[in-house]
Amino acid sequence: MSGIFGAYSAVKKTVLEEVYLGLYALQHRGQESAGISWIQDGSVASKRGLGLLHNAIDQKRLADGEAYNAIGHVRYVPLESSRLQNVLPISANYARGPIAIAHDGLITNLAELTRQLEQRGAIFQSSTNSEAILHMMAQKSHMQPIDALVDALRRIEGSYALAVLLENSLVAARDPYGFKPLVLGEREGTYYVASESCALDIVGATLLRDVEPGEIVVVNGKGVKSLRVRPEEKCRRLMHCSFEYVYTARPDSIIDGRSVYEARKEMGRRLARKSPCPGADLVAGMPDSGTIAAIGYAQASKTPFEMAVVRNRYVGRTFIQPTQKVRELGVKIKLNPIEALFKGKKAAIVDDSIVRGTTAERIVSMIRSCGAEEVHLRIASPPVLHPCRYGIDTRKENTLAAVRMTLDELCRKVGADSLDYLSEEDLTAAVGLPEEKLCTACFSGKYLEDEEK
Ligand code: SF4
């Protein structure tokens with residue numbers, strides 16, 4: 001997964017520092033690399049690097065620069081892809097001018113597209129999805145850049161939220177199923193596109209709307225124009241990622257009209273009704289993404305909520321660490337239960353999801369070490385049983401805890417007194433979007449490709 005942010009100032013205000021700040025608000029979507037590209041003297045200029053944003057890019061030097069059109073990207077990548085060539089935005093000066101592309105998502109027909117492009121002479125320098133789009137556009141240099149982009153997007157399958165920098169325009173595009181979130185904002189003549197609305201808040205922009213599935217928004221000196229990747233009637237089946245509401249997105253974001261905070265709280269309330277924990281002395285959430293569901297659980301079960309597990313805010317999200325070794329270390333240094341709150345108590349612990357089970361096992365063990373009498377684990381999403389094919393790195397099926405073990409086995413493995421999950425129906429109801437507009441494939445196994453066969 002990735003975070004993208006772009007800004008175009010119609011009033012010729014420099015936007016580089018705002019793009020930096022926007023990416024800062026999206027750091028939770030990717031901690032492995034960061035990059036910013038902008039137009040300078042008719043060419044594309046970039047700053048890119050590995051690691052967290054502040055390690056990858058020097059804010060001070062950026063703040064001194066001037067550009068009224070820029071895009072940026074923060075990226076989570078598996079370890080083997082962590083090399084500088086793969087850091088986005090990818091950029092080039094081609095026959096039709098400068099271009100830079102930042103992409104969140106996964107192009108599922110990438111191998112086929114790459115083969116076709118290479119047969120026509122394209123030489124790839126990275127293994128990014130974005131480079132394929134760039135080559136597709138370059139091979140249509142008889143077209144205007146925006147027409148070449150639309151043509152390329154029509155050939156792509158899978159998920160994407162894109163920010164594309166052209167010489168005089170900022171372009172945002174969302175795949176026809178709307179897998180990945182993308183919003184449009186505005187402040188005093190400057191337009192912004194961002195993966196999540198929390199990034200608009202940091203630059204003081206107003207959330208205008210979501211970029212619609214299948215929509216291409218073009219912002220330039222003539223204003224804001226909307227194009228379609230495909231005719232609108234082909235976008236009826238939507239697949240907004242439900243995992244965004246469960247885990248990925250920040251709770252202060254609004255995605256496709258639904259507050260992530262409200263959705264998570266409702267997941268907790270529904271979980272309390274489905275799997276109560278009678279006699280519990282306290283409810284605690286696994287920070288940060290389990291905390292809000294825990295508040296909902298506590299409210300619905302009329303049990304005191306305690307911030308009983310404290311997170312070290314200077315350690316990245318456990319799930320986002322790329323190797324098992326780092327991931328295991330990450331849990332230990334990241335979360336610390338407060339002994340005085342757990343000693344002699346029956347505790348209901350709410351977490352957002354169990355993917356590999358590493359975090360759950362370690363935290364239950366730590367809470368028991370604090371002297372808790374009973375530890376009941378409640379998961380505010382259904383079991384993750386299938387890998388994501390649309391850009392969330394949940395790894396192979398046989399590494400998923402709920403695939404490898406029954407509920408009882410998993411409960412024993414993590415060392416809890418009881419364990420239960422939210423149902424798929426409750427997840428859908430808590431998100432508040434119609435079932436036919438939501439992707440739940442990693443829980444249900446209902447992939448889009450299977451539906452379309
Ligand atoms: S499979 Fe899961 S993680 Fe992937 S897009 Fe669908 S809901 Fe999101």
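Order of listing sets the numbers, starting from 1, for every ligand and every atom in it. Treat the numbers as computed from the prediction; the structure is a model and nothing was measured. The figures here come from the full heavy-atom set of this structure, side chains too, leaving out hydrogens, waters and symmetry mates.
With 3.5 Å as the limit, one finds no donor-acceptor pair spanning the side chains of T428 and E435. Using modelled atom types, one finds a donor on one side chain and an acceptor on the other under 3.5 Å when comparing Y192 with E18. With no hydrogens or angles considered, no side-chain donor-acceptor pair links Q27 and Q31 at under 3.5 Å.
Atom 6 (Fe) of ligand 1 does not have C388 among its coordinating residues (no N/O/S atom, backbone or side chain, under 2.8 Å).
Those atoms of ligand 1 with a heavy atom of S242 less than 4.0 angstrom away are 7 (S). Each of the following atoms of ligand 1 lies closer than 4.0 Å to a heavy atom of C241: 3 (S), 5 (S), 7 (S), 8 (Fe). Ligand 1 places these atoms under 4.0 Å from at least one heavy atom of F243: 3 (S), 7 (S), 8 (Fe).
None of R83, Q85, E131 except one satisfies the side chain to side chain donor-acceptor pair (under 3.5 Å) rule with S126; the exception is E131.
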